[in-house]
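No hydrogens, no waters, no symmetry mates; every other heavy atom, side chains included, goes into these values. The chains referred to below are lettered A, B, ... by the order of the sequence lines, with proteins before strands, and numbering in each begins at 1.
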Amino acid sequence: MSKNVLVYVECADLRPTKAGLQALGAGQRLARQLGGEAVALLTGPGLEAEAAKLGAHGANKVQLAAAEVFATYSQDGLARLVTQQAAATQAAAVLASATPMGKDFMARAAAAGKAGLAADCTDIKVEGGKIHAVRPVYAGKALATVEAAGVLWATLRPNVFAVEATAISAPVENVNVSYGPGDLKSVVREIVQGVKGKLDVAEAEIVVSGGRGLKDPAGEGKQNWENLEKLATTLGAAVGASRAVVDAGWRPHGDQVGQTGKTVSPKLYVACGISGAIQHLAGMSGSKVIVAINKDDTAPIFKVADYGIVGMVEDVVPALTAAFAETLKS
Amino acid sequence: MEIIVCIRRAPTTDARIKPGPDGKTYDPAGVNFDISEYDKFAIEAGIELKEKHGGKATVLSLGPTVSSKELRTAIAMGCDAASLLVSDAQHDAWATACALAAKLKTMPHDLLLFGWNSVDNQAAATGQMVAELLGLPCVSVTVALEVKDGVAHAERLSAHGNRERIAVKLPAVITCQKGLNKPRQPNMKGLMNAKKTVIDESPANAPANGVVTVKLDPPPPRPAGKIVGKGPEAAKALVGLLHNEAKVV
Ligand SMILES: Cc1cc2nc3c(=O)[nH]c(=O)nc-3n(C[C@H](O)[C@H](O)[C@H](O)COP(=O)(O)OP(=O)(O)OC[C@H]3O[C@@H](n4cnc5c(N)ncnc54)[C@H](O)[C@@H]3O)c2cc1C
Ligand SMILES: Nc1ncnc2c1ncn2[C@@H]1O[C@H](COP(=O)(O)O)[C@@H](O)[C@H]1O
């Protein structure tokens with residue numbers, strides 16, 4: 001069996017992303033168990049300096065595909081490269097982050113490699129000589145342990161795997177491809193920016209979410225949502241929402257947490273005025289610590305919460321913001 | 001335009017899922033099924049495009065014979081024909097994609113529509129895999145779509161609420177996300193049609209799974225929580241616990 005692990009390290013703004021380094025950390029630990037090497041693959045121009053530094057985060061080798069064709073994202077362009085490099089490195093496993101980008105191209109790359117995909121994994125390790133990946137299914141209502149007959153292709157959930165601190169001197173190799181932009185089937189033409197600097201709930205370390213209990217922000221709930229934003233700013237958190245809130249048009253769909261929204265796994269999740277319907281719990285019960293604020297002490301959200309306050313969001317949320325501000329100052 | 005919408009019969013989102021006695025699959029007792037949530041956006045997109053450009057929208061599913069119920073719902077919404085690849089097995093995205101692709105090769109198609117993610121298997125992979133198997137371009141997680149002169153103009157949701165604009169030549173695969181449209185309810189005429197429609201059934205031609213489930217476990221139980229107190233007076237104590245006990249701030 002081959003022993004190497006190929007990790008696609010996602011970059012943004014000319015740097016590896018946190019999720020990309022987490023995947024590399026997982027790849028290094030898996031490679032150690034297999035007795036092989038972790039090979040980091042980066043794409044795009046301008047990453048030479050960053051590529052040279054990846055030995056500090058678990059890479060034994062770095063491959064850099066700096067060609068202009070990788071300057072803009074293409075699902076089939078990247079899938080083709082990753083399939084090519086998986087074969088070239090004799091990888092036993094190919095890893096990438098379960099981000100909008102990783103989820104998009106890894107499925108295509110796995111299919112090109114005639115393999116399945118273990119999507120959105122929360123654990124990966126060698127057991128009984130086999131690589132086992134654990135992935136939440138049915139929106140986190142069950143955990144499936146999966147293995148592959150051949151190469152295991154997997155995407156890893158952000159914020160679950162630790163970044164490695166290593167002192168490896170990892171050589172950087174340039175990867176060339178025989179295709180150019182004209183050979184690609186789909187290329188991103190333009191990126192319409194979302195709200196500048198907005199933290200995504202799926203990536204944030206802390207999420208504060210609002211439910212129907214906060215009421216209509218265009219009416220009597222205006223102050224409540226401002227208070228929630230203030231709490232988020234104080235904590236450096238992203239603002240999430242229940243589906244009831246999104247369906248009412250109070251928050252954009254990208255904020256929705258739950259089975260048909262985003263799955264979040266922050267270290268702290270604060271649910272304000274959210275009842276805790278099964279579909280909502282499905283999206284957030286993987287959070288490390290859950291706090292619930294609800295006026296109704298029988299609300300199901302208290303069943304999964306580590307800490308709760310029974311009270312009105314109108315006055316509990318601002319009191320929390322003040323208490324956090326004081327603690328963070330000291 | 002020949003449009004094919006791939007739909008999955010999946011447990012409803014309020015279903016309680018418990019691992020069954022084999023420890024690998026879930027116990028189906030008391031579980032209800034429906035069209036997987038995002039596939040409804042794919043059905044609506046197919047019907048809207050057919051209404052605008054003419055042509056035909058066909059629904060295709062791989063699953064047990066009872067999946068004809070979900071296919072009939074799609075007909076009732078406005079699709080024209082339905083095909084079922086019959087299989088009682090649990091297939092992963094790879095095996096599903098292979099079986100769908102094998103059938104799709106025999107069906108004329110300009111546009112293949114999928115949900116971006118199934119609510120049960122959650123691979124978010126089948127559409128891209130079918131695209132690879134058929135050598136087609138693909139845009140996933142699509143929230144806006146227009147077809148003009150043989151080109152699909154799509155917007156996909158990427159990180160940080162950004163939207164990526166991508167134009168791909170038909171035939172193409174599009175996977176659909178909420179926000180693309182508002183799925184319609186079946187009307188009387190649709191329901192009549194659904195009753196009359198003969199579903200084209202054939203055995204599924206699926207390979208072995210690419211990833212095999214060796215174990216299905218319930219999620220680890222969360223330790224019992226505590227109510228810190230009532231009203232704003234409890235805020236200080238809560239923050240103290242988060243700082244000193246849970247150590248998350
Ligand atoms: C197919 C399907 C998919 C779904 N997917 C999702 C999903 O992804 N995510 C999701 O969230 N939901 C989802 N749902 C919806 C879900 O079933 C619930 O309807 C929804 O989560 C309820 O939102 P809520 O908790 O904000 O509202 P409610 O259930 O109305 O709860 C409001 C809560 O606020 C409390 N409250 C009211 N006023 C105050 C106050 N002043 N101070 C403090 N507390 C107050 C109340 O006690 C109550 O507990 C889905 C449903 C279906 C059918
Ligand atoms: N058994 C199936 N039959 C038809 N289409 C399917 C099936 N399973 C998945 N799909 C399609 O693939 C999409 C993504 O599923 P998944 O890759 O499992 O997340 C679904 O939303 C459906 O459109």
Side-chain angles (χ1 to χ4, degrees), chain A residues 75-76 99-101 103-104 107-108 111-112 115-120 137-148 185-186 188-195 198 200 253-254 259-260 267-268 278-279 285 288-289 291 297 302 304-311 315-316 319-320 323-324 327, chain B residues 13-14 17 19 26 37 92-94 97 119-125 128-129 131-133 137-141 158-168 178-179 209-219 222 225-232 234-236 238-239 241 243 246 248-249:
Chain A
Q75 181 194 94
D76 52 298
T99 51
M101 179 184 182
K103 285 181 185 168
D104 184 55
R108 187 166 196 132
L117 177 72
D120 206 17
V137 287
Y138 310 102
K141 292 170 197 167
L143 297 176
T145 302
V146 300
E147 62 182 35
K185 297 181 200 304
S186 76
V188 171
R189 298 238 170 128
E190 188 191 343
I191 297 176
V192 188
Q193 293 287 335
V195 182
K198 183 175 164 159
D200 196 293
H253 177 242
Q259 184 156 6
T260 53
K267 64 178 184 186
L268 176 62
I278 186 165
Q279 296 98 343
S285 52
K288 190 160 169 255
V289 174
V291 167
D297 66 356
F302 286 122
V304 298
D306 299 283
Y307 304 105
I309 292 182
V310 179
D315 46 38
V316 177
L320 267 181
F324 276 124
T327 303
Chain B
T13 56
D14 58 2
I17 300 290
Y26 68 90
E37 184 72 6
D92 76 334
W94 164 246
V119 297
D120 52 347
N121 191 35
Q122 295 191 288
Q128 296 97 301
M129 287 182 165
E132 176 64 24
L133 290 164
C138 168
V139 180
S140 71
V141 201
S158 66
H160 318 299
N162 290 348
R163 285 162 170 244
E164 296 174 344
R165 287 210 173 123
I166 304 179
V168 289
K178 183 173 178 174
N209 283 344
V211 290
V212 179
T213 301
V214 292
K215 207 154 60 95
L216 191 70
D217 294 308
R222 293 195 74 93
K226 59 178 146 193
I227 300 282
V228 178
K230 283 202 161 111
K236 267 211 170 89
L238 171 64
V239 172
L241 287 165
H243 184 62
V248 285
V249 281

As an exercise: rank B/V249, B/N209, B/D120 by heavy-atom pairs under 4.5 Å with chain A and give me the winner. B/D120

Do A/Q279 and B/T13 have side-chain N/O donor and acceptor atoms under 3.5 Å apart? yes

Contact class of A/A142 relative to chain B, heavy atoms under 4.5 angstrom: both

Is it the case that atom NZ in A/K267 sees more than 12 heavy atoms from other parts of the structure closer than 6.0 Å? yes

I'd like to verify something: which residue of B/Q128, B/E164, B/K236 has the highest number of heavy-atom pairs under 4.5 Å with chain A? B/Q128

At a heavy-atom separation under 4.5 Å, does A/F324 approach chain B through its side chain, its backbone, both, or neither? both

Check each atom of B/Q122 against the heavy atoms of chain A and say whether the ones under 4.5 Å are side chain, backbone, both or neither. both

Name the region of B/A93, side chain, backbone, both or neither, that has any atom closer than 4.5 Å to a heavy atom of chain A. neither

Residue B/D92 versus chain A: region with a heavy atom under 4.5 Å: side chain

Between A/T99 and chain B, which part of the residue has a heavy atom less than 4.5 Å away: side chain, backbone, both or neither? neither

By side-chain contact (heavy atoms from CB on, under 4.5 Å), which residues pair with A/D297, not counting sequence neighbours? A/V310

Counting heavy-atom pairs closer than 4.5 Å to chain A, which one of B/P19, B/G229, B/S158 comes out on top? B/G229

Heavy-atom contact with chain A under 4.5 Å, split by part of B/P219: both

Are any of the side-chain heavy atoms of A/R108 and B/M129 separated by less than 4.5 Å? no

By side-chain contact (heavy atoms from CB on, under 4.5 Å), B/L133 pairs with (sequence neighbours left out) B/W94, B/A97, B/C98, B/A101

Which bit of A/D104 comes within less than 4.5 Å of chain B, counting heavy atoms only: side chain, backbone, both or neither? both

Out of B/P232, B/G225, B/P137, B/A235, which one racks up the most heavy-atom pairs below 4.5 Å with chain A? B/P232

Among A/T327, A/V137, A/I309, A/V289, which residue has the highest count of heavy-atom pairs closer than 4.5 Å to chain B? A/I309

Answer yes or no: does atom CZ of A/R189 have more than 12 heavy-atom neighbours from other residues, nucleotides or ligands under 6.0 Å? no

Can you say whether B/L241 sits under 4.5 Å from chain A via the side chain, the backbone, both, or neither, judging by heavy atoms? both

Identify which of A/A319, A/G311, A/G308 forms the greatest number of heavy-atom pairs closer than 4.5 Å to chain B. A/G308

Between chain B and each of A/D120, A/L268, A/L143, count heavy-atom pairs under 4.5 Å; write down the option with the most. A/L143

Answer with side chain, backbone, both or neither: which region of A/A305 has an atom nearer than 4.5 Å to a non-hydrogen atom of chain B? backbone

Cut-off 4.5 Å, heavy atoms of chain B, and the answer for A/Q75 is side chain

Option that, when pairs with chain A are counted at under 4.5 Å, heavy atom only, ranks first among B/G179, B/P218, B/A131: B/A131

Given heavy-atom pairs under 4.5 angstrom as the criterion, report whether the side chain, backbone, both or neither of A/K103 touches chain B. both

Measure B/V248 against the heavy atoms of chain A and call it side chain, backbone, both or neither at under 4.5 Å. both

Select, from A/D200, A/L117, A/V192, A/D76, the one with the greatest count of heavy-atom pairs under 4.5 Å involving chain B. A/V192

